[in-house]
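Data block below; observations after.
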Amino acid sequence: MICIVTGDIVGSRKIKDSWLLSLKTALKATSGQHGKWEIFRGDSFQVEVEPENAIKVAAYLKACIRVNKPADVRMGIGIGGIKNKRKKLSESSGDAFINSGAAFDSLKQAKTNLAIKTDYPDFDEEINVVIKLSLIAMDSWGVVAAEMVKLALENENLLQSELAAISGRTQSSVSEALKRAHYTEIMEMDRLYRKKLNQTILK
């Protein structure tokens, strides 16, 4: 069982390509030591991640891109098996790839920026409702909020005072930015997702 995230940059032709370096760095960070990721057609990408990390990875990629305002990212998360594992992700196949593509293709019609598809419709329905609610917060992240979410996800074990020292901001401004980003609630969503995933799919 693997997870494939398929995405593209929203409005990439209208904005400077500062997002490209952010995307490459984020994909390297999220795919792990032996991770696989690919950028194709200029502004589209795929990355393989652990199924448990899907929501956190999606939030991290979104934060990394929204630092380059007005850039944003659309992503389809697919979880499933893999049939043919090739060196290049685009040449691999299996349910994870089919589900990821289907989730991504559904985004425009649903007018949303993030969705998940597995072989478990009840799981998908429940998690996609939670994702839509989370996007109310994530789609409105400004540059500072996105920067702080990115930093917090990169340093999950650090206190806000330590994040403040790294970022050169005051602790109160870090706290305010994370509160504005609804970071605590998004981490609660991540925990719920992991719990449901383990109960339904990885059991």
Exercise for the section: Report whether Y60 and L151 are members of the same hydrophobic cluster (ILVMFWY, side-chain heavy atoms less than 4.5 Å apart, transitive linking). Expected result: yes

Completion exercise
Interatomic distance, CZ@F97 vs NZ@K83, rounded to 0.5 Å, equals 12.0 Å

Problem - Nearest non-hydrogen partners of D124 and K117, listed with the distance - result: OD2-CA, 3.6 Å

Completion exercise
One should read off an interatomic distance between D95 CG and T118 OG1, to the nearest 0.5 angstrom, of 10.5 Å

Practice task
Check the pair R169 / E147 against salt bridge (charged side-chain N to carboxylate O under 4.0 Å, His left out), numbers first and verdict last.
Solution key: CA-CA 11 Å; R169 298 179 184 277; E147 279 177 359; 3.1 Å; yes

Exercise for the section: Starting at OG of S173, measure out to CE of M148 and round the result to the nearest 0.5 Å. Expected result: 7.0 Å

Practice task
Kindly say whether L159 contributes a backbone atom to a donor-acceptor pair with the side chain of E162 at under 3.5 angstrom?
Solution key: yes

Practice task
Take L61 and F45 through the test side-chain contact (heavy atoms from CB on, under 4.5 Å) and record every step on the way to the result.
Solution key: CA-CA 11 Å; L61 288 169; F45 64 88; 4.1 Å; yes

Practice task
Please report the shortest heavy-atom distance between S31 and W37, naming the atom on each side.
Solution key: OG-CD1, 3.4 Å

Problem - Sub-4.5 Å side-chain heavy-atom contact between Y183 and L153 - result: yes

Handout entry: Note: D139-R66 ion pair, threshold 4.0 Å (strictly below)
Key = no

Fill in the blank from the handout: Nearest heavy-atom approach of T6 to G101 is OG1-N, 4.5 Å

Fill in the blank from the handout: Rounding to 0.5 Å, atoms CG (D8) and CG (D43) come to a distance of 5.5 Å

Problem - Under 3.5 Å: donor-acceptor pair, side chain of N198, backbone of R194 - result: yes

Problem - Flag, side chain of W141 to backbone of A181, donor-acceptor distance under 3.5 Å - result: yes

Practice task
Please report the closest heavy-atom contact between V174 and A164, naming both atoms and the distance.
Solution key: CG2-CA, 3.7 Å

Handout entry: Residue E176 excluded, over 12 heavy atoms near CD under 6.0 Å
Key = yes

Problem - Electrostatic pair E52-K195, nearest N-O below 4.0 angstrom - result: no

Exercise for the section: Check the surroundings of atom CD in Q109: do more than 12 heavy atoms from other residues, nucleotides or ligands lie under 6.0 Å from it? Expected result: no

Problem - S175 (side chain) donor-acceptor with Q171 (main chain) under 3.5 angstrom - result: no

Exercise for the section: For residues L178 and T184, determine if any side-chain heavy atom of one lies less than 4.5 Å from a side-chain heavy atom of the other. Expected result: no

Problem - Side-chain donor/acceptor of S134 to backbone N/O of I131, under 3.5 Å - result: yes

Exercise for the section: Report yes or no: does S100 contribute a side-chain atom to a donor-acceptor pair with the main-chain N or O of G76 at less than 3.5 Å? Expected result: yes

Exercise for the section: Measure the shortest side-chain to side-chain distance between S22 and V67 over non-hydrogen atoms and say whether it is less than 4.5 angstrom. Expected result: no

Completion exercise
CZ of F123 to CD1 of I201, rounded to nearest 0.5 Å, is 4.0 Å

Fill in the blank from the handout: All heavy atoms of A63 vs all of V149, minimum pair found to be CB-CG1, 4.0 Å

Handout entry: ILVMFWY cluster, L20 and I9 together (side-chain gap under 4.5 Å)
Key = yes

Practice task
Inspect the contact between E156 and K56 and indicate whether a charged nitrogen and a carboxylate oxygen are less than 4.0 angstrom apart.
Solution key: yes

Practice task
Determine whether V5 and I82 fall in the same hydrophobic cluster, where Ile, Leu, Val, Met, Phe, Trp and Tyr are linked whenever their side-chain heavy atoms lie under 4.5 Å apart.
Solution key: no

Practice task
With the side chain counted from C-beta on, respond yes when V47 and T30 share a heavy-atom pair under 4.5 Å apart, and no when they do not.
Solution key: yes

Exercise for the section: Tell me whether M138 is reachable from L133 by hopping between hydrophobic residues (I, L, V, M, F, W, Y) whose side-chain heavy atoms are closer than 4.5 Å. Expected result: no

Exercise for the section: Would you check, one step at a time, whether the test side-chain contact (heavy atoms from CB on, under 4.5 Å) holds for L23 with I39? Expected result: CA-CA 9 Å; L23 178 61; I39 296 174; 4.0 Å; yes

Problem - Validation row: R74, F104 side chains within 4.5 angstrom (heavy atoms) - result: yes

Exercise for the section: Indicate yes or no for a side-chain donor-acceptor contact from T200 to the backbone of L197 under 3.5 Å, with no hydrogens or angles considered. Expected result: no

Exercise for the section: Tell me whether I4 is reachable from V73 by hopping between hydrophobic residues (I, L, V, M, F, W, Y) whose side-chain heavy atoms are closer than 4.5 Å. Expected result: no

Handout entry: CG on L27 to CD on Q46, rounded to 0.5 Å
Key = 11.0 Å

Completion exercise
On a heavy-atom basis, the closest approach of A115 and N128 is CA-OD1, 3.4 Å

Practice task
Report yes if some heavy atom in the side chain of N53 is under 4.5 Å from a heavy atom in the side chain of D190; otherwise report no.
Solution key: no

Practice task
Answer yes or no: is there a side-chain heavy-atom contact under 4.5 Å between M75 and N113?
Solution key: no

